[in-house]
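Below is one structure, written out as structure tokens; comments come after it.
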Amino acid sequence: MSYHFNDIEAKWQKYWAENQTFKASNTSDKPKYYVLDMFPYPSGAGLHVGHPLGYIASDIYARYKRHKGFNVLHPQGYDSFGLPAEQYAIQTGQHPAITTETNIKTYRRQLDQIGFSFDWSREVRTSNPEYYKWTQWIFIQLFNSWYNNNSNKAENISELIKIFKAEGNANINAVCDDTVYSFSAEDWNAYTSEEQQAILLQYRLTYLAETEVNWCPALGTVLANDEIVNGVSERGGHPVIRKKMTQWSMRISAYAERLLQGLETIDWTDSLKESQRNWIGKSVGASVTFNVMSSEMLKQVQHDKSERHSELDSESHHTIEVFTTRPDTIFGASFMTLAPEHELVSKITTDEQKSEVEAYILATSKRSERDRMADVKTISGVFTGAYAEHPFTKEPIPIWIGDYVLAGYGTGAVMSVPCGDQRDYDFAKHFNIPIPNIFEGVDISEEAFADKDNTVIANSDFLNGLKYKKAVKTAIYELEKLGQGEGKTNYRLRDAVFSRQRYWGEPFPVYYVNGMPQMIEAKHLPIRLPEVEKYLPTETGEPPLGRADVWAWDTNTNTVVSNSLCHSALDAESIEDNGIYPLELNTMPGWAGSSWYFFRYMEDAMRDEAFASETALKYWENVDLYIGGSEHATGHLLYSRFWVKFLKDRGFVGVEEPFKKLINQGMILGTSAFVYRRITYINVVNNGLIRWIPVKHVPIFKSFNENLFTDKSFKDEQAENKFLNWLKFELPPLHQLKLKQLIGDDLLVDSLNSLSNNEILDFLKGKIEFQYVKLHADVSMVNSSDELDTEDFKNWRAEFKDAEFIAEEDGTFKVKREVEKMSKSKYNVVNPDNICEQYGADSLRLYEMFLGPLEQAKPWNTAGITGVHGFLKKLWKLYVGENGLRVNDAEPTKDNLKTLHKTIKKVEDDIENFSFNTSVSTFMIAVNELTAQKCTSKAILEPLLIVLSPYAPHITEELWSQLGNNQSISTAMFPKFEEKHLVESSKNYPISFNGKMRFTLELPLDMSKDDIEAAVMAHDKTKAQLDGREPKKVIVVPGKIVNIVG
RNA sequence: GCUCAAGUGGCGGAAUUGGUAGACGCGCUGGAUUCAAAAUCCAGUUUCUUCGGAAGUGUGGGUUCGAUUCCCACCUUGAGUACCA
């Protein structure tokens, strides 16, 4: 009876599904534990071996926790809204829902064959109306909320309206738009409904605003900052431009401080917390207001400094607000710089400087964001001709514009302190602006001095002699006295744009009356995606939903009705308002559905009275362990935290953070195979130009070895002769048409035209050069010794059908191996289906864990799987012999018990520490030892199965049942570790000389220090090592080591 | 540039409080079995060596009886981030 893994695995997967073995209960005496994977986007390509890595780890942990007596929730689902299905729909007309359904089927089959212990009864799909109904509901709650800075939480907007009615907004301390102005209760009550709605939008946690967005013309949509990589779209690499659009935004900035503080309370890796901190980007400093000086003031300064007054001409009075983290260096400010886009630039620029400034603004606006970022070294800027007044010295300081100041950060203006900031320093040097030194005893002749800790301020009036912290405090105090500044904290975190011009996403539950957004009542949700003919934006540039015919809201019947009935579509002037209004055409972004799905899983019966019932939310609280990729560090993981904090504020959930512990699994890399193709060139000088002309002919590939040229071209007489012969015999007679096909260079062909065949060959002699270029070969065509199956390769692509191969001397054709990201385009993906078929799911699971530490990136090499597969066979043989089960009731030996208990201890520790790779080694050692001990004792072999079952659930379940158990092994309790089986009576002491181990010596553990020393000193090998020398010192650590110095 | 992580045999990696470096597996070498192959089993496998030993965890220094582990400087690689005032 051998190990038939295919049968065993199919049998138990069926059993688990039929018996709902892993269905979690929402009522239990056991403590709860919630293990979650980041749910996948079901892409058409299916899974490769890199995808299940995190799922295997979480599954091991979930199964382990069940053995440890926890009520475990381990669900799975699909993030099924997304761009690829939409792109596919645009190309083929296929409805994205159909593509998505097909892909999910494939995913499910692939996941099932790996034997995960998911509770599929709780599956969620973000694109299901029953699910996105609640995404829409959360959106409505955000719309109906504002952020009260006094209570430091989100509150119902109705409270705000009450206050407005009673006392206006004078006492409101809210997170809101910068543009709000103050009004009294009387004002408020006199406003029209539209005016009131417009004001409220400035306070709501989701709001409509004209925002500059990242518009991707190729994708026809707006992208979030984290969807852009190096200035191009993350998907497809298309260029992105800045564009103003009216968009829904999320006031995530209200939560900046809490998102930052909350990091202290959760168990995430430092690097992940660090990226969130960077993303939030808190900086503490001051906001300072500078007065722009009028020409009269300037004249006054020049005439008589002492009699100068700060009487400001109200007509031309402008102020510039800047943010600085170094208010202590304010006396070092020798100029100011505005971003070219700053609104004040046009107002303050003098006539003399106007043309120069305008030219500069035009030039920078033409440069893309990407160019600006790439080109950091070039210093550019223009003087506006205007001056600002220094708040303390009252001296005029010139105002410049420069593109090193970004419009999008802070106020888009800086006070430039060249002695303390390298960018200001470089700018000042470049334009010959003075660089006053305000640091005591610091040389600034070469570069700026930015160190805070060792700073003592000088040449700064009342700040002289003060250290950094004190100076900052004093400067802020003095600024406040002048009314020209205050302490301020700035965050990099921007409000998140929430609209997408796409079809395949959640529709907004929003319609518009007189241009103002209205929420549809929750009881009428979900608002389902309408049918459209095409999935592209409309000709007029509206989102795809603009193509829907039935996409208007009837407030009389509370249903979606035909657009043609819409009040605005009819002759609105002459017809009375009929209560039918246009619906929102944008859809929600990908992160909407994924920001709360972990709560939906908590619901056991998928009730519809709430996004999850109160009892379910109370029971499961939040995710205890979350495993997924680090690519979500600043997107999904930040937005989820934001939504959870919001839901907490409004009393819908009881937790402040969604994910208590988070682990990022590392990427599994592919081992790409490269073949080297020989390119033939004709190297001619024509009209004084050196021309490299690639010749088109049969592809030639060369086996890879160490001596292969790869970087530059080379001459090879033999190969050249071969090529010329080929030219002579394969293609006679040479004439222009043939030459053109072959060479494709008109100039050269023309010059050869008048020559005979032999003359052409003579001409080409000595001008033929070669170069090797590498290209990917599919890894499935390569064996474990890096040999390419050349027949497969020829059949791979039509262009290689007649390819020639230059093999090694032994006839093999080798490829070069390189480790890269696993991807379809690199032809290095390994499909788990094949692995499961050939080695089984248990082997796959063990091998993925065995590869290395979970969080580390590591290359996949299928050849290595034989190791763990051999282990499973060996395990099988330990339990099952030729004539059936060999397990009996034999009394376990001391060695048996020692092996078992050392394994229990190690595996337990490993799982708790997520060190899954080392447990696999431990299992191998245990089986090797028990096999050597010829162990047949059930008392040992039965508990061993439980310890192994989280890793290899199928084989252990089978053997468990063969041992006569009729309950699933997943219900068994983890065996208890007993220290007594590991207690030793003696120790094999390493004997070191000057720290180097030279030999070992077996001594009883209860031996005293002195006796150990005596025993070691008396040993022959000690005498040999010392070679007659007298040791200076002997260190004896009982139970550990002996070290002899001298 | 900044932040973080990491550097150990031919390869993946182990060494969990500073205490026997290279566990476990792959690959490779030799052997057994076989008509042969696969599979399986046994032995060996860091380097050098005068076969006694000696050196050795990116480089250089330090702390220590003792350092892959702690400290300092540097080099390399990977990831993230970027004119953030």
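It should be emphasised that the depicted structure is a prediction, and the values quoted were computed from it without experimental measurement. As a basis for the values below, the full set of heavy atoms in this structure was taken, side chains included, without hydrogen atoms, waters or symmetry mates.
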Can you tell if the side chain of A:K987 reaches within under 4.5 Å of the side chain of A:L1003, non-hydrogen atoms only?
-> no

Can you check the A:R423 CZ to B:C84 C1' distance for me, whole Å?
-> 7 Å

Answer yes if the ring centres of A:H390 and A:F331 are under 6.0 angstrom apart, and no otherwise.
-> yes

Tabulated below should be each protein N or O lying under 3.5 Å from an N or O of nucleotides 12-18 of chain B; please produce it.
residue	atom	partner	partner atom	Å
B:G12	O2'	A:L851	O	2.5
B:G13	OP1	A:Q856	NE2	2.8
B:A14	OP1	A:N917	ND2	3.0
B:U16	O4	A:K906	NZ	2.0
B:U16	O4	A:D910	OD1	2.6

Measure from NZ on A:K873 to P on B:A38 and round the result to the nearest Å.
-> 13 Å

Which whole number of Å gives the distance between the P atom of B:U46 and that of B:A23?
-> 8 Å

Between NZ of A:K488 and P of B:C84 the distance, given in whole Å, is 17 Å

Which sits closer to the 5' end of RNA chain B, A:Y847 or A:G281, going by the nucleotide each is nearest to?
-> A:Y847

Would you call the rings of A:F923 and A:Y951 parallel, tilted or perpendicular if under 30° counts as parallel and over 60° as perpendicular?
-> perpendicular

Under 3.5 Å, sequence neighbours excluded: what are the donor-acceptor pairs made by side chains of residues 417-428 of chain A?
residue	atom	partner	partner atom	Å
A:D421	OD1	A:R423	N	2.8
A:D421	OD1	A:R423	NE	3.3
A:D421	OD1	A:D424	N	3.2
A:D421	OD2	A:R423	NH2	2.7
A:Q422	OE1	A:A448	N	3.0
A:Q422	NE2	A:D426	OD1	3.0
A:D424	OD1	A:Y404	OH	2.7
A:D424	OD2	A:V417	N	3.0
A:Y425	OH	A:K429	NZ	3.2
A:Y425	OH	A:I444	O	2.8
A:Y425	OH	A:S445	O	3.0
A:Y425	OH	A:E446	N	3.4
A:Y425	OH	A:E446	O	3.4
A:Y425	OH	A:E447	N	3.4

Residues in side chain to side chain contact (heavy atoms under 4.5 Å, CB included) contact with A:K1032, at least two apart in sequence or another chain | none

In whole Å, what is the span from the NZ atom of A:K934 to the C1' atom of B:C41?
-> 12 Å

Provide the Watson-Crick or G-U wobble partner of B:A38, both distances under 3.5 Å; none if there is no partner.
-> none

Pairwise P distance for B:A73 and B:U3, with rounding to whole Å = 12 Å

Please enumerate all protein N or O atoms sitting under 3.5 Å from an N or O of nucleotides 69-72 of chain B, with distances to 0.1 Å.
none

Please confirm whether the backbone N or O of A:Y409 pairs with a side-chain atom of A:R492, one donor and one acceptor, at under 3.5 Å?
-> no

Once you apply the 3.5 Å cut-off to both distances, tell me the Watson-Crick or G-U wobble partner of B:U81, or none.
-> B:G1

If you measure from the P atom in B:C70 to the same atom in B:A82, how many Å do you get, rounded?
-> 31 Å

Between A:Y64 and A:Y61, what is the ring plane arrangement, given parallel below 30°, perpendicular above 60°, and tilted in between?
-> tilted

Grab the CG-P distance between A:L638 and B:G80 for me, whole Å please.
-> 17 Å

Gap in Å between the two C1' atoms, one belonging to B:G30 and one to B:G66, rounded | 39 Å

Which one, B:U20, B:A85, B:C83, comes nearest to the side chain of A:T1000?
-> B:U20

Given the P atoms of B:C41 and B:G58, what is the spacing between them in whole Å?
-> 35 Å

Under a 4.5 Å cut-off applied to non-hydrogen side-chain atoms, are A:L479 and A:I330 in contact?
-> yes

Round to a whole Å and report the spacing from NE2 of A:H869 to P of B:A38.
-> 16 Å

State, yes or no, whether a side-chain contact exists between A:R845 and A:I60 at a heavy-atom distance under 4.5 Å.
-> yes

In terms of heavy-atom contacts, does CE of A:M667 have more than 12 from other residues, nucleotides or ligands at under 6.0 Å?
-> no

Distance between the P atoms of B:G7 and B:G12, in whole angstroms?
-> 12 Å

Please determine, for B:A14, whether a Watson-Crick or G-U wobble partner exists with both distances under 3.5 Å, and give it or none.
-> none

Between B:A39, B:C83, B:U20, which one does the side chain of A:Y404 approach most closely?
-> B:C83

Taking only the side-chain heavy atoms of A:I1041 (C-beta and beyond), determine which of B:G19, B:C84, B:G80 contains the nearest atom.
-> B:G19

Sugar-phosphate means primed atoms, P, OP1 and OP2; the rest is base. With that split, encode nucleotides 55-67 of chain B 5' to 3' as B, S or - using protein heavy atoms under 4.0 Å.
-> SB--------BS-

Syn or anti for B:G9, with syn set at within 90° of 0?
-> syn

Name the pairing partner of B:A73, where a pair is Watson-Crick or G-U wobble with both distances under 3.5 Å, or state none.
-> B:U59

When you measure from the side chain of A:S275, which nucleotide among B:C83, B:A23, B:G80 comes out closest?
-> B:G80

Under the 3.5 angstrom rule, does the side chain of A:D495 hit a backbone N or O of A:S253 as a donor-acceptor pair?
-> yes

N-O pairing of A:K282 and A:E257 below 4.0 Å = yes

Across all strands shown, which nucleotide pairs with B:U47 by Watson-Crick or G-U wobble geometry, both distances under 3.5 Å?
-> B:A54

In whole angstrom, give the distance that lies between atom CZ of A:R817 and atom C1' of B:C26.
-> 14 Å

So, do A:Y360 and A:D403 sit near enough that their side-chain heavy atoms are less than 4.5 Å apart?
-> yes

Sugar-phosphate atoms are those with a prime plus P, OP1 and OP2; base atoms are the rest. Using that split, label each nucleotide of nucleotides 1-9 of chain B B, S or - for protein heavy atoms under 4.0 Å, 5' to 3'.
-> --SS-----

Rounded interatomic separation in angstrom, taking CE from A:M997 and C1' from B:U46 | 15 Å

Knowing that exactly one of A:E929, A:E908, A:E979, A:E984 qualifies, which makes a salt bridge (charged side-chain N to carboxylate O under 4.0 Å, His left out) with A:K902?
-> A:E929

For B:G56, decide between syn and anti, treating a glycosidic angle within 90° of 0 as syn.
-> anti

For A:V414 and for A:Y989, locate the closest nucleotide of RNA chain B by heavy-atom distance; then report the residue assigned to the nucleotide nearer the 5' terminus.
-> A:Y989

Provide the distance between the two P atoms, one in B:G53 and one in B:C72, to the nearest whole Å.
-> 39 Å

Is there a Watson-Crick or G-U wobble partner for B:A21 with both distances under 3.5 Å, and which nucleotide is it?
-> none

Okay, side chain of A:T384, backbone of A:I399: is any donor-acceptor separation there less than 3.5 Å?
-> yes

Could you tell me whether A:T922 contacts a base, only the sugar-phosphate backbone, or nothing, with contacts defined as non-hydrogen atoms closer than 4.0 Å?
-> nothing

Does any N or O in the side chain of A:N490 come within less than 3.5 Å of the main-chain N or O of A:S283, such that one atom is a donor and the other an acceptor?
-> no

Whole-Å C1' distance, B:U68 and B:G22 = 11 Å

Output, in order, the C-alpha distance, side-chain angles, deciding distance and verdict of side chain to side chain contact (heavy atoms under 4.5 Å, CB included) for A:K874 and A:N928.
-> CA-CA 8 Å; A:K874 210 166 166 187; A:N928 287 345; 2.5 Å; yes

